[in-house]
*Asks:* 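I'd like to ask you about the structure that follows.
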Amino acid sequence: MDTSSQRALLNELDPSALAEKDREETKELPELPNASIGKVVTRFAPNPDYVLHLGNARPAVLSYIYGKEIYRGKMILRFEDTDPRIKRPLPEAYIQIKEDLRWLGVKWDEEYIQSLRMEIYYDLAKKLMEVSGAYIDLCSQEEFRKYRSSRKPCPHRERSPEDNLELFDKMLSGHFGEGEAVVRVKTDLNDPDPSIVDWVAFRIIDTDRYPHPLTGDRYIVWPTYNFASAVDDKLMGVTHILRAREHQQNTKKQIYLYRHLGWRYPEVIHFGRLKLQGFILSKSRIKKLTERYPDRFSGPNDPRFGTLAGLRERGILAETILEIVRDVGIKPTDASISWDNIAALNRKKLDYRSRRLMYVEDPVKICIEDAPRELSSIEARYHPDNDKLGSRILKLIDNDGKLCVYVSRSDIDRLLGGGDSAKVRFMELANVEVYRSGENGAAARYISRDLDDAKRMRLKIIQWVGSNSVNAIVKYPVGLRFRVSRGLIEDSILGLNDHVYQLVRYGFVKVLRKTPKGAVLLYIHE
RNA sequence: GCCGCGGUAGUAUAGCCCGGCCAAGUAUGCGGGCCUUUCGAGCCCGUGACCCGGGUUCAAAUCCCGGCCGCGGCACCA
């Protein structure tokens, strides 16, 4: 039986079964497992080795939304800085990360720095050895790998707790050098994933050579990510861990640790990566570029980078980023957001609060014959719908009694095309007929003022500037370069203090710099 | 190579756990219309997708098997 005949039959038997169901309007994030209001604790645990990028916003924002907004519990910020050697923490990053989070609107209740909690980790390491959950391994890396690949225990594995504790004290007191001893957590030697087997919980780092920015050379035995993170999640009462998929194996490792200590592992959600098409998110690539070309990039906050600071410089609102993260949700698949999409969301938020200004790229002067004198100065609102944004006076150029304006060369070219004349409306000013005049030039004849006339004639409407205009440069990011557009903009931009404007028929821009003679602007998006 | 996760329109996402309300919803993009101070916004209409092949079933996007593709991990990094 096909679907339609089934429906027909069902309609006879039980018509109510076919009734329409209401669909939900807004997209909501799914519920968390084992979660109840007021009882959820989430955390965001960045490594302060660099600034945050859009991808990091996913765990940060989701942890905040779930922890605070949805379940009204607690959110913890924890700096995971236990590797002074390879992922060396950057002192500025501790501050910058908090700034980025505040900008996003992410609020946290508690804040921790792991490098300041070393004694806690040492105590737990001892406790773990006491219950035979860990041992000191004196093998070289190659030796250990051999035992692991043949699924055999390394000779140090069955040492007594007392001997392990003694060796651990030796580690702490500096008896061993880098690579000579590690603490390993016991796991199933036959775990199908060999990378999990007896993973390293502590290793020695020579902090004379690699001092930690916060604790200098005070500690030489450092917990690995899996140890410190796992222990802290328990100690800080974290109930739900929201993190990226690259941590899936880590979760398996950490569960072994929890088992040894008789702890219950928190609920975990692994989601995919969040990329932004056309933007560099990689910390290492950004680092390399800014170090190599210090005069081409303003730093990690350059608007051409996908860092949170860069997107902020580019004119992307925090609300837009929140919306994207919320929309992308907690699926385990990677998400690659297009710039069009981010721009569309951002534009909607910017639209109502942005003043409109006219900007004329590559200006051509056009004088209007027979223009009535009252056109020499007109008033125009800054926004078609939002009257709160006020209005300004636009003045025409008086050229020996003739009133003239500047319009974009490309508009004139497009308008005239192959012909000699065409009708057009200069926005807010008048309807005119433009015709070729002189070499490469154009002039216009006045037709009427009324917008309704323009509509009747189905005229195109183009922007223009008059005598009260100043120079403008618009920098337009294209990949890692800037395209530069030069032209004239209304001089009211100099007196206003807005950060963002919509240039009519051009796009949204952000003010970078103003001088008495003009402005430098950054193109945000259409 | 080994271990793990996933594949819904151009992009992102809902539905998959608990098969039938799904001839698949939403956002953005694209096409058209209305409105308008704009090639912006708003409103309306339209366009466009269940990776492939088998199986189970009256019925599969949903369950099972195989293939293909993508991603992650395989660190004394986080």
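All chains are named by letter (A, B, ...) in the order of the sequence lines, taking the proteins before the strands, and each is independently numbered beginning at 1. For clarity, every value in this text was computed on a predicted model and none was experimentally measured.
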*Asks:* Which residue lies toward the 5' end of RNA chain B, A:Ile324 or A:Ile462, if each is placed at its nearest nucleotide?
*Replies:*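 Nearest-nucleotide comparison on RNA chain B picks A:Ile324.
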
*Asks:* In whole angstrom, give me the gap between the C1' atoms of B:rU38 and B:rG15.
*Replies:*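 About 40 Å, rounded to a whole number of Å.
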
*Asks:* Under 4.0 Å between a side-chain N or O of A:Ser354 and OP1 or OP2 of B:rG40?
*Replies:*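 The answer is no; no side-chain N or O of A:Ser354 sits under 4.0 Å from OP1 or OP2.
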
*Asks:* Is any side-chain nitrogen or oxygen of A:Arg347 closer than 4.0 Å to OP1 or OP2 of B:rA41?
*Replies:*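 For B:rA41, OP1 or OP2 has a side-chain N or O of A:Arg347 closer than 4.0 Å.
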
*Asks:* Which is true for A:Ala335 with a 4.0 Å heavy-atom rule: it touches a base, it touches only sugar-phosphate, or it touches nothing?
*Replies:*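 Sugar-phosphate contact only - A:Ala335 comes under 4.0 Å of backbone atoms but never of a base.
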
*Asks:* Can you spot which of A:Lys253, A:Arg148, A:Arg157 makes a side chain to side chain donor-acceptor pair (under 3.5 Å) with A:Asp198?
*Replies:*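 That would be A:Arg157.
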
*Asks:* Tell me the interatomic distance from A:Leu350, atom CG, to B:rA41, atom C1', rounded to whole angstroms.
*Replies:*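 Rounded to the whole Å, the gap is 12 Å.
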
*Asks:* Among side-chain atoms of A:Gln254 and A:Tyr265, is any donor-acceptor pair under 3.5 angstrom?
*Replies:*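 Yes - a donor-acceptor pair under 3.5 Å links their side chains.
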
*Asks:* Between A:Arg85 and B:rC77, is there a contact of a side-chain N or O with OP1 or OP2 at under 4.0 Å?
*Replies:*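 Yes, because at least one side-chain N or O of A:Arg85 sits under 4.0 Å from OP1 or OP2 of B:rC77.
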
*Asks:* Just checking A:Tyr382: base, sugar-phosphate only, or nothing, at a heavy-atom cut-off of under 4.0 Å?
*Replies:*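 Since a base atom lies under 4.0 Å of A:Tyr382, the category is base.
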
*Asks:* For the side chain of A:Thr320 and the backbone of A:Ile316, is there at least one donor-acceptor N/O pair under 3.5 Å apart?
*Replies:*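 No, because the side chain of A:Thr320 does not come within donor-acceptor range (under 3.5 Å) of the backbone of A:Ile316.
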
*Asks:* In whole Å, what is the span from the CD1 atom of A:Ile196 to the P atom of B:rG72?
*Replies:*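 To the nearest whole Å, that distance equals 18 Å.
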
*Asks:* Could you work out the separation of B:rU11 and B:rU57 based on their C1' atoms and round it to a whole Å?
*Replies:*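 Rounded to whole Å, the distance is 36 Å.
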
*Asks:* For A:Val182, answer base if it contacts any base atom (sugar-phosphate contacts may also be present), sugar-phosphate if it contacts only those atoms, and nothing otherwise; contact means non-hydrogen atoms under 4.0 Å.
*Replies:*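 Here A:Val182 touches the bases of the nucleic acid.
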
*Asks:* To the nearest Å, give me how far apart CG (A:Leu345) and C1' (B:rU11) are.
*Replies:*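 Value for this atom pair: 12 Å.
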
*Asks:* Looking at every strand, decide which applies to A:Asp411 at a 4.0 Å heavy-atom threshold: base, sugar-phosphate, or nothing.
*Replies:*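 The residue A:Asp411 makes base contact.
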
*Asks:* Would you classify A:Gln463 as touching base, sugar-phosphate or nothing, given that sugar-phosphate means primed atoms plus P, OP1 and OP2, and contacts are heavy atoms under 4.0 Å?
*Replies:*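 No contact at all - A:Gln463 keeps every heavy atom at 4.0 Å or more from the nucleic acid.
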
*Asks:* Nearest whole Å is fine: how far is B:rC76 P from A:Leu138 CG?
*Replies:*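 Atom-to-atom, A:Leu138 to B:rC76, this comes out as 15 Å.
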
*Asks:* Are the charged groups of A:Glu178 and A:Arg203 less than 4.0 angstrom apart, N to O?
*Replies:*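 Answer for the salt bridge query: no.
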
*Asks:* Both A:Gln248 and A:Ser338 contact RNA chain B. Which one's nearest nucleotide lies toward the 5' end?
*Replies:*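 Checking each residue's closest nucleotide, the 5'-ward one belongs to A:Gln248.
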
*Asks:* As a test of reading the structure: which of B:rA78, B:rU38, B:rC5 is closest to the side chain of A:Thr224, going by heavy atoms?
*Replies:*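 Given the options B:rA78, B:rU38, B:rC5, the side chain of A:Thr224 is closest to B:rA78.
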
*Asks:* Phosphate oxygens OP1/OP2 of B:rA78: is one of them under 4.0 Å from a side-chain N or O of A:Arg203?
*Replies:*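 It does, given that an N or O in the side chain of A:Arg203 lies less than 4.0 Å from OP1 or OP2 of B:rA78.
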
*Asks:* Which whole-number value in Å describes the distance from A:Tyr210 OH to B:rC77 C1'?
*Replies:*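 The distance from OH of A:Tyr210 to C1' of B:rC77 comes to 14 Å, rounded to the nearest Å.
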
*Asks:* Select base, sugar-phosphate, or nothing to describe what A:Asp385 touches, counting heavy atoms under 4.0 Å on all strands.
*Replies:*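 Result for A:Asp385 = base.
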
*Asks:* Out of B:rA78, B:rA41, B:rG70, which has the shortest distance to the side chain of A:Asp351?
*Replies:*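 Between B:rA78, B:rA41, B:rG70, the one nearest the side chain of A:Asp351 would be B:rA41.
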
*Asks:* Nearest to the side chain of A:Lys87, heavy atoms from C-beta on, is which of B:rC77, B:rU13, B:rC71?
*Replies:*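 For A:Lys87, the side-chain atoms sit closest to B:rC77.
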
*Asks:* B:rC76 phosphate, OP1 or OP2: any side-chain N/O from A:Gln141 under 4.0 angstrom?
*Replies:*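 Looking at the OP1 and OP2 atoms of B:rC76, one of them is under 4.0 Å from a side-chain N or O of A:Gln141.
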
*Asks:* Using a heavy-atom cut-off of under 4.0 Å over every strand shown, decide if A:Thr82 touches base, sugar-phosphate, or nothing.
*Replies:*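 Since only primed, P, OP1 and OP2 atoms lie under 4.0 Å of A:Thr82, the category is sugar-phosphate.
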
*Asks:* Write down the distance between NZ (A:Lys275) and C1' (B:rG70), rounded to a whole number of angstrom.
*Replies:*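 Taking atom C1' of B:rG70 as the reference, NZ of A:Lys275 is at 9 Å.
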
*Asks:* Both distances under 3.5 Å, Watson-Crick or G-U wobble: on that basis, could you give the dot-bracket string for RNA chain B, with [ ] for crossing pairs and | for other-strand partners?
*Replies:* (((((((..((((......[....))))((((((.......))))))...(((((..]....))))))))))))....

*Asks:* Between C1' on B:rG40 and CE on A:Met427, what's the gap in Å once rounded to a whole number?
*Replies:*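 Rounded to whole Å, this separation is 10 Å.
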
*Asks:* Are A:Arg243 and B:rG72 close enough that a side-chain N or O sits under 4.0 Å from OP1 or OP2?
*Replies:*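 A:Arg243 to B:rG72 OP1/OP2: no side-chain N or O under 4.0 Å.
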
*Asks:* Picking from B:rU36, B:rG7, B:rG73, which would you name as closest to the side chain of A:Thr333?
*Replies:*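 Side chain of A:Thr333 sits closest to B:rG7.
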
*Asks:* Under 4.0 Å between a side-chain N or O of A:Lys331 and OP1 or OP2 of B:rG6?
*Replies:*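 No, A:Lys331 has no side-chain N/O under 4.0 Å of OP1/OP2 on B:rG6.
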
*Asks:* Could you state the OH-P distance from A:Tyr506 to B:rA41, rounded to the nearest angstrom?
*Replies:*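 Checked: the OH to P distance equals 17 Å.
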
*Asks:* Report yes or no: do A:Asp81 and A:Gln114 form a side-chain donor-acceptor pair below 3.5 Å?
*Replies:*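 On atom types as modelled, these side chains do not qualify, holding no pair under 3.5 Å.
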
*Asks:* Do A:Asp191 and A:Lys252 pass the salt bridge (Lys or Arg N to Asp or Glu O under 4.0 Å) test, and can you show the C-alpha distance, the side-chain angles, and the key distance before you say yes or no?
*Replies:* CA-CA 10 Å; A:Asp191 193 294; A:Lys252 285 176 73 183; 3.8 Å; yes

*Asks:* Among B:rC71, B:rU11, B:rU38, which nucleotide sits nearest the side chain of A:Asp334?
*Replies:*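 Nearest nucleotide to the side chain: B:rC71.
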
*Asks:* Quick check: any donor-acceptor pair below 3.5 Å linking the side-chain of A:Gln502 to the base of B:rU38?
*Replies:*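 Such a pair is found, so the answer is yes.
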
*Asks:* When you measure from the side chain of A:Arg273, which nucleotide among B:rG40, B:rA78, B:rG72 comes out closest?
*Replies:*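 Comparing B:rG40, B:rA78, B:rG72 against the side chain of A:Arg273, the answer is B:rG72.
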
*Asks:* Please classify the nucleic acid contact of A:Asp191 as base, sugar-phosphate, or nothing, using heavy-atom distances under 4.0 Å.
*Replies:*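 The residue A:Asp191 makes no contact with any strand.
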
*Asks:* If you check every side-chain atom of A:Pro194, which of B:rG29, B:rC2, B:rG40 has the closest atom?
*Replies:*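 Nucleotide nearest to A:Pro194's side chain: B:rC2.
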
*Asks:* Quick one: which of B:rU13, B:rU11, B:rG70 gets closest to the side chain of A:Arg245?
*Replies:*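 The answer is B:rG70, which lies nearest to the side chain.
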
*Asks:* Look at the side-chain N and O atoms of A:Lys349 and state whether any lies under 4.0 Å from the OP1 or OP2 oxygen of B:rA41.
*Replies:*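 Result: no.
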
*Asks:* Verify, without hydrogens or angle tests, whether A:Ser173 (side chain) and A:Asp169 (backbone) share a donor-acceptor contact under 3.5 angstrom.
*Replies:*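 Checking the backbone N and O of A:Asp169 against the side chain of A:Ser173, a donor-acceptor pair under 3.5 Å is found.
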
*Asks:* If you look at every heavy atom in A:His270 and A:Val268, which pair is closest and at what distance?
*Replies:*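 In this case the closest contact between A:His270 and A:Val268 is NE2-CG1, 3.5 Å.
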
*Asks:* Looking only at atom P, what distance separates B:rG4 and B:rC65, rounded to whole Å?
*Replies:*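 B:rG4 and B:rC65 have their P atoms separated by 14 Å.
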
*Asks:* Picking from B:rA78, B:rU36, B:rC74, which would you name as closest to the side chain of A:Lys455?
*Replies:*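 Closest of the options to the side chain of A:Lys455: B:rU36.
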
*Asks:* Is A:Arg355 touching bases, backbone alone, or none of the nucleic acid, heavy atoms closer than 4.0 Å?
*Replies:*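 The residue A:Arg355 makes no contact with any strand.
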
*Asks:* Look at A:Arg353 together with A:Glu319 and state whether they make a salt bridge at an N to O cut-off of under 4.0 Å.
*Replies:*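 Yes, A:Arg353 and A:Glu319 are salt-bridged.
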
*Asks:* State which of B:rG29, B:rC3, B:rU36 makes the closest approach to the side chain of A:Ala344.
*Replies:*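 Side chain of A:Ala344 sits closest to B:rG29.
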
*Asks:* So what does A:His270 touch, heavy atoms closer than 4.0 Å: a base, only the sugar-phosphate, or nothing?
*Replies:*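 A:His270: no heavy atom of the nucleic acid under 4.0 Å.
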
*Asks:* Minimum heavy-atom separation for A:Tyr219 to A:Ser115, with atom names?
*Replies:*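 A:Tyr219 and A:Ser115 have their closest heavy atoms at CE1-O, 4.1 Å.
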
*Asks:* Less than 4.5 Å apart, side chain to side chain, heavy atoms only: is that true for A:Ile76 and A:Tyr112?
*Replies:*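 Heavy-atom side-chain distance check passes, below 4.5 Å.
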
*Asks:* Between B:rG20 and B:rA60, how far apart are the P atoms? Round to whole Å, please.
*Replies:*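 Straight-line distance between the two P atoms is 11 Å.
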
